[in-house]
Structures are given as structure tokens and as C-alpha cells.
Amino acid sequence: MCIFFAYNERGDYGSDLLLLKETNLSNRIRELRIEKKITQLQLSIELNVTQETISAYEHNRHMPSVTALIKMSEIFNASMDYIMGLSNVRHILVEPDNTANDAEQKAKLLYCYQRLGTKNKARLIAYAEGLADSVKE
């Protein structure tokens with residue numbers, strides 16, 4: 001089994017852990033790839049990884065990175081939760097004019113976030129929440 005940390009309703013990791021059978025992830029990636037009629041090599045080119053990495057995903061030897069999951073989400077038009085076996089709701093709502101650039105922006109944001117210290121991560125989250133709240137109003 002793999003253990004995935006999931007945010008709880010308080011917005012922290014707390015003790016809420018999500019257990020996921022590895023077969024769900026590997027089966028979903030393989031099923032989606034076959035449904036899309038693409039080879040492991042073709043998918044590896046899209047994800048900028050090796051064919052061996054795709055095989056490792058499909059045989060539970062490696063877990064995809066967040067960047068790879070975002071890209072697979074776009075390729076397969078499926079939510080990352082669906083790909084990971086966390087949900088049976090497959091489709092995601094995406095604004096068609098932002099799709100290509102959105103994954104790149106998410107990856108850049110995640111990369112920047114990962115480089116920050118704890119205090120600056122909290123600042124970034126607070127800023128982002130304030131910005132999102134201002135858009136809602």
C-alpha cells in the first residue's frame with residue numbers, strides 16, 4: 001500500500017491519512033493510456049520522462065511526480081484524483097483557453113513553493129488565500 005497525505009477540513013495534514021492500493025494508480029494510468037490509444041513511449045514523450053518510467057508507474061515501482069500527474073490530467077482529460085484512484089469522478093472542468101499554459105503555471109508555482117522555508121510558505125498561502133478571496137467578492 002502507498003500512503004498519501006491529504007488535507008483535512010482544517011487545511012492541514014493532521015492525522016488524516018489516505019491509504020490507497022497501488023493497483024488503483026497503475027491500473028488507471030494503463031487503462032487511460034490504452035483508451036487513448038497511445039504507447040508507453042508516446043506518453044513518456046508527452047511527460048518528458050523515459051518509457052521505463054511509464055512502465056514503472058504501471059507496475060507500481062514508482063509514483064508519478066505532481067508535474068507528471070498534472071500533465072496526465074490534461075492528456076487524459078481526467079482529474080488527478082481519478083488518475084490516482086482517489087475518486088471515481090473522472091472529468092475535470094477546465095477553461096479551454098487556459099489549458100496548455102495552466103499546467104505550466106501550476107508546475108512553476110509548486111516549484112517555487114517547494115523552495116521556500118516554512119515561514120515563507122505560510123506567507124505565500126496567506127497571500128494566495130487573500131487574493132482568491134478578493135476575486136470572489
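The model shown is predicted, which means the values in this text are computed figures rather than measured ones.
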J.: Could you tell me if the side chain of Phe76 sits less than 4.5 Å from the side chain of Ile38, heavy atoms only?
T.: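 The answer is yes; the side chains approach within 4.5 Å.
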J.: With heavy-atom distances below 4.5 Å as the criterion, would you say the side chains of Arg61 and Ser55 are in contact?
T.: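 Result yes, sub-4.5 Å side-chain heavy-atom pair found.
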J.: Checking Asn88 now: which residues fulfil side-chain hydrogen bond (donor to acceptor under 3.5 Å, both in side chains) with it, not counting sequence neighbours?
T.: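 Asn88: side-chain hydrogen bond (donor to acceptor under 3.5 Å, both in side chains) contacts with Arg28.
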J.: How about Ile54 and Gln51: do any of their side-chain heavy atoms sit closer than 4.5 Å?
T.: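 Counting from C-beta outward, Ile54 and Gln51 never come under 4.5 Å.
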J.: State, yes or no, whether a side-chain contact exists between Asn120 and Tyr113 at a heavy-atom distance under 4.5 Å.
T.: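 Heavy-atom side-chain distance check fails, nothing below 4.5 Å.
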J.: To the nearest 0.5 angstrom, please state how far the OG1 atom of Thr39 sits from the CD1 atom of Ile34.
T.: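 Rounded to the nearest 0.5 Å, the OG1-CD1 separation comes to 11.0 Å.
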J.: Rounded to the nearest 0.5 Å, what separation is found between the OG1 atom of Thr50 and the CD atom of Gln40?
T.: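 If I round to the nearest 0.5 Å, the distance is 10.0 Å.
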J.: Applying the side chain to side chain contact (heavy atoms under 4.5 Å, CB included) test to Leu47, which of Ile70, Ile75, Thr53 qualifies?
T.: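 Looking at Ile70, Ile75, Thr53, the match for Leu47 under the side chain to side chain contact (heavy atoms under 4.5 Å, CB included) is Ile75.
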J.: Answer whether the closest heavy-atom distance between the side chains of Val89 and Asp81 falls below 4.5 Å.
T.: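 Answer no - side chains too far apart.
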J.: Nearest 0.5 Å please: distance from the CG atom of Leu110 over to the CZ atom of Arg115.
T.: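 Reported to 0.5 Å precision, the distance equals 12.0 Å.
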J.: Could you check whether any side-chain N or O of Glu74 sits under 3.5 Å from a backbone N or O of Lys71, counting only pairs where one atom can act as donor and the other as acceptor?
T.: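 Such a contact is absent between Glu74 side chain and Lys71 backbone.
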J.: Hey, are Arg90 and Glu31 close enough for a salt bridge, meaning a charged N less than 4.0 Å from a carboxylate O?
T.: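 No salt bridge links Arg90 with Glu31.
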J.: Can you measure from CD (Glu52) to NE2 (His62) and round to the nearest 0.5 angstrom?
T.: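 If I round to the nearest 0.5 Å, the distance is 10.0 Å.
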J.: Side chains of Asn27 and Arg30 only: does a donor on one sit below 3.5 Å from an acceptor on the other?
T.: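 The criterion, which ignores hydrogens and geometry beyond distance, is not satisfied for Arg30 and Asn27.
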J.: Could you measure the distance from the OH atom of Tyr111 to the CG atom of Leu116? Nearest 0.5 Å is fine.
T.: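 Going from OH on Tyr111 over to CG on Leu116, the span is 11.0 Å.
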J.: Answer whether the closest heavy-atom distance between the side chains of Arg33 and Met72 falls below 4.5 Å.
T.: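 With C-beta onward as the side chain, the pair stays apart.
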J.: According to salt bridge (Lys or Arg N to Asp or Glu O under 4.0 Å), who are the partners of Lys121, at least two apart in sequence or on a separate chain?
T.: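 Here no residue qualifies.
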J.: Indicate, with yes or no, if Val66 and Tyr82 share a hydrophobic cluster defined by side-chain heavy-atom contacts under 4.5 Å among Ile, Leu, Val, Met, Phe, Trp and Tyr.
T.: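 Yes, it is one cluster - the side chains of Tyr82 and Val66 are joined through contacts under 4.5 Å.
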J.: Once rounded to the nearest 0.5 Å, what's the spacing between atom OG1 of Thr67 and atom NZ of Lys108?
T.: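 It comes to 12.0 Å.
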J.: Using atom types as modelled and distance alone, determine if a side-chain donor or acceptor of Ser73 lies under 3.5 Å from a backbone N or O of Ala78.
T.: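 Such a contact is found between Ser73 side chain and Ala78 backbone.
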